[in-house]
Amino acid sequence: MKKEYNKLIRDRIPEIIEKDGKTCKTRVLSEKDYKSALNSKLLEEMKEYQEGFDLRELADLQEVINAIVLANGLSLKEFDEIREAKAKANGGFSKRLFLESVDDGKK
């Protein structure tokens, strides 16, 4: 029985499928289609994480984020420097602060 997936997969998935005695059809995406597929994969992985808050799914999400960074021409080191600069400027999330409202004093 043939099952359609039409989604971005990890590099070793075809090898794993074939090792299981099955066959699969794949293609290499253009740069534009790859970036689009990564964005779809990001949403897919986020949904999977939110369904059970399994940290293994969060690891998949990080892998997709890393691929997006690299596909957009940044190194992971450069991306981490951006993250660190934002954390330095705006702080992190360790204080568990939740903003309820802001009053600008105007009526």
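- Contact check on Asp60 versus Lys41 returns no salt bridge, with no Lys/Arg side-chain nitrogen under 4.0 Å from an Asp/Glu carboxylate oxygen.
- Atom CG in Asp33 sits 11.0 Å away from atom CG in Leu38 (nearest 0.5 Å).
- Nearest heavy-atom pair, Tyr49 versus Asp54, reported as atom, atom and distance to 0.1 Å: CD1-O, 3.4 Å.
- A salt bridge links Glu4 with Lys2: the distance from a Lys NZ or Arg NE/NH1/NH2 to an Asp or Glu carboxylate oxygen falls below 4.0 Å.
- In this structure, Lys77 does not pair ionically with Asp80, as no charged nitrogen and carboxylate oxygen lie closer than 4.0 Å.
- Once rounded to the nearest 0.5 Å, the distance linking CD1 of Ile9 with SG of Cys24 reads 6.0 Å.
- Counting non-hydrogen atoms of neighbouring residues, nucleotides and ligands closer than 6.0 angstrom, the CG atom of Asp104 exceeds 12 such neighbours.
- In plain terms, the two heavy atoms of Ser75 and Val69 that are nearest each other are O-CG1, 3.7 Å.
- How far OG1 of Thr26 is from CG of Leu8: 11.5 Å, rounded to the nearest 0.5 Å.
- Cluster membership check: Leu29 shares its hydrophobic cluster with Val64, using side-chain heavy-atom separations under 4.5 Å among Ile, Leu, Val, Met, Phe, Trp and Tyr.
- Formation of a donor-acceptor pair under 3.5 Å by the Asp20 side chain with backbone atoms of Lys22 is not found in this model.
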How far apart are the C-alpha atoms of Glu44 and Lys47, what are their side-chain angles, what is the distance that settles it, and do they pass the salt bridge (charged side-chain N to carboxylate O under 4.0 Å, His left out) test? CA-CA 5 Å; Glu44 175 190 334; Lys47 181 180 176 190; over 6 Å; no
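- Using a 4.5 Å cut-off on side-chain heavy atoms (C-beta onward), Asn72 and Lys35 make contact.
- Scanning both residues, Glu31 and Ala71, for their nearest heavy atoms gives OE2-O, 3.5 Å.
- Atom CD of Glu63 is separated from atom CG of Leu58 by 12.0 Å, given to the nearest 0.5 angstrom.
- Of the inter-residue distances, the one linking Glu57 atom CD with Leu61 atom CG reads 9.5 Å to the nearest 0.5 angstrom.
- Atom CG of Leu70 and atom CD of Glu78 lie 10.0 Å apart (nearest 0.5 Å).
- In the hydrophobic clustering of ILVMFWY residues, with side-chain heavy atoms under 4.5 Å counting as a link, Tyr5 and Tyr34 come out apart.
- Residues Ile65 and Phe79 form a side-chain contact, since some pair of their non-hydrogen atoms from C-beta on lies under 4.5 Å apart.
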